[in-house]
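Order of the sequence lines fixes the chain letters, A, B, ..., with proteins taken first and strands second; residue numbering starts at 1 for each chain.
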There are 2 protein chains.
Amino acid sequence: MARPNQSEQRRDELCPVIAKAFAELGYRRATTAALAKRCGLRENQLYRLWPSKKAMFLASIEYLYEMTAAKWRALLASDDGRSPAERILAWEGEHRGESGLHRITFAGLSETDDPDIRSALQNMYRKFHTFIIGQVNEHRADAKPDTQPGVELTAWAIIGLGMMTNITHELDLLTHDTQGQMVHDVGLHLLDG
Amino acid sequence: MARPNQSEQRRDELCPVIAKAFAELGYRRATTAALAKRCGLRENQLYRLWPSKKAMFLASIEYLYEMTAAKWRALLASDDGRSPAERILAWEGEHRGESGLHRITFAGLSETDDPDIRSALQNMYRKFHTFIIGQVNEHRADAKPDTQPGVELTAWAIIGLGMMTNITHELDLLTHDTQGQMVHDVGLHLLDG
DNA sequence: CTGTTTTGTAAGTGTATACTTACATCATAG
DNA sequence: CTATGATGTAAGTATACACTTACAAAACAG
């Protein structure tokens, strides 16, 4: 009858912009005015695409997860002799914090106590954990079966390693090179058990 | 000439209350009204003790660091056969996140981009890192000198392990017991090199 | 006692912010 | 062409917040 609704497509276009804003500014400082400006829109136009700021934040979590998962899947496909786990470690060491996922986590945990946001984060970490468990198992395929620490704990420790790397980066505690070395050395040590 | 100034003593009394509020609520949600209420004071009374909310936050960082450092020093003194590093790991595994230090970090990184806050956090992590390096060296005293990963990276990884444990706790990703096991198993694996 | 300084109580100020309303303009299906 | 729903522009609202001001009451030094 009239002009077609482009909302879904525009949401897809704007998600990266909004996610970046949340990652850079945190939840509170990413005001709806700031978000709109970065999107080149007015505030009410944003509110025609999402019902609330919280919904924009949830969309950002979803988006950043999808981006990272896609990147990792691509790294699995490319074979260069190293185990997939090693390739992912190397890539994360080089591009640590680039996606902003850890900053979204900090923002969600620190700035809200909203149950929806917490369960979105919970869900995201569970998915990463499951993925990494698969890679650790793959990497340890020909190790003796009682390798320690166990796969599940090792997978969490690897996520923690990435998080700490990001913090050393944000607080200028380590140089870029040392960050990469940390992910590599400690990462392999955890993988090998 | 007149009534003596008790400000310093009152600051000392209120620091734990304020630090707890910042840890629980984050920076923005810990409003000056909320802080005053928890202290049993009016807002302007708080402002007679600290010049700004930021100063209260900085005092909280300092306070929580001192508390944790004191606890660790006490653990060093008590000898039960395990290495000091193991004792600290065990204690942190049991009391993870209790102090709220990691939440303060999240709040500082996510909710502000104030250079004073960042350098306070930077300073704090440097001190913890130095402390842990000492313990790792002690623990590895009779290991071969080229133990890998290096002491410095290992120390950062141990801090990262603690941080990840706190996140699994906050997001209900692991049970209390599994958290303790993670700190123990992965911690020892990192310590032993 | 007295003069000075701290402490307590109450109210206010200016600004920022999530979200809304009103309305004009445009593009398309029919 | 036109009716309809999408898009753009502008302004507004209600609230929350960091920080301030004004002043009374209390406590101590002299």
Would you please name every residue forming a ring pair (Phe, Tyr, Trp, His ring centres under 6.0 Å) with [X], sequence neighbours left out?
| X | result |
| --- | --- |
| A/Trp72 | A/Phe128, A/Phe131 |
| B/His184 | none |
| B/His95 | B/Trp91 |

* Asked: Just checking, is any N or O donor in the side chain of B/Thr165 or B/Gln179 under 3.5 Å from an acceptor N or O on the other one?
  -> no
Whole-Å distance between [N] [atom2] and [X] [atom1]?
| X | N | atom1 | atom2 | result |
| --- | --- | --- | --- | --- |
| A/Asn5 | C/dA27 | CG | P | 16 Å |
| A/Tyr47 | D/dA11 | OH | C1' | 16 Å |
| A/Lys37 | C/dT17 | NZ | P | 12 Å |
| B/Leu41 | C/dT7 | CG | P | 10 Å |
| B/Arg29 | D/dA18 | CZ | C1' | 18 Å |
| B/Leu46 | C/dT7 | CG | C1' | 13 Å |
| A/Ile18 | C/dA18 | CD1 | P | 13 Å |

* Verify, without hydrogens or angle tests, whether B/Asn166 (side chain) and B/Gly97 (backbone) share a donor-acceptor contact under 3.5 angstrom. => yes
* Asked: So, the side chain of A/Arg11 versus the backbone of A/Leu49: is there a donor-acceptor pair under 3.5 Å, distance only?
  -> yes
* Taking the nucleotide of DNA chain C with the closest heavy atom to each, which residue, B/Pro4 or A/Arg28, is nearer the 5' end? -> B/Pro4
* Around B/Glu152, counting heavy atoms of other residues, nucleotides and ligands shown, do more than 12 lie under 6.0 Å from its CD? -> no
* **Selection: residues 49-56 of chain B, any non-hydrogen atom under 4.0 Å of DNA chain D** => B/Ser52, B/Lys53
* To do: Taking only heavy atoms on the protein side, list every residue of residues 6-17 of chain A lying under 4.0 Å from any atom of DNA chain D, sorted numerically.
  => A/Gln6, A/Arg10
* To do: May I ask whether B/Ile159 and B/Leu89 are part of the same hydrophobic cluster, defined by side-chain heavy atoms of I, L, V, M, F, W, Y residues being less than 4.5 angstrom apart, directly or through others?
  => yes
* Does A/Leu46 belong to the same Ile/Leu/Val/Met/Phe/Trp/Tyr cluster as A/Ile61, with side-chain heavy atoms less than 4.5 Å apart forming each link? -> yes
* Establish, yes or no, whether the cationic atom of B/Lys54 lies under 6.0 Å from the six-membered ring centre of B/Tyr27 and within 45° of the ring axis. => no
* Asked: Which letter, B, S or -, goes with each nucleotide of nucleotides 9-16 of chain C from 5' to 3', with contact meaning a protein heavy atom under 4.0 Å?
  -> BB------
* Does the ring centre of B/His189 sit less than 6.0 Å away from the ring centre of A/His189? -> yes
* Quick one: does B/Arg3 reach the base of C/dT5 with a side-chain donor-acceptor pair under 3.5 Å? -> no
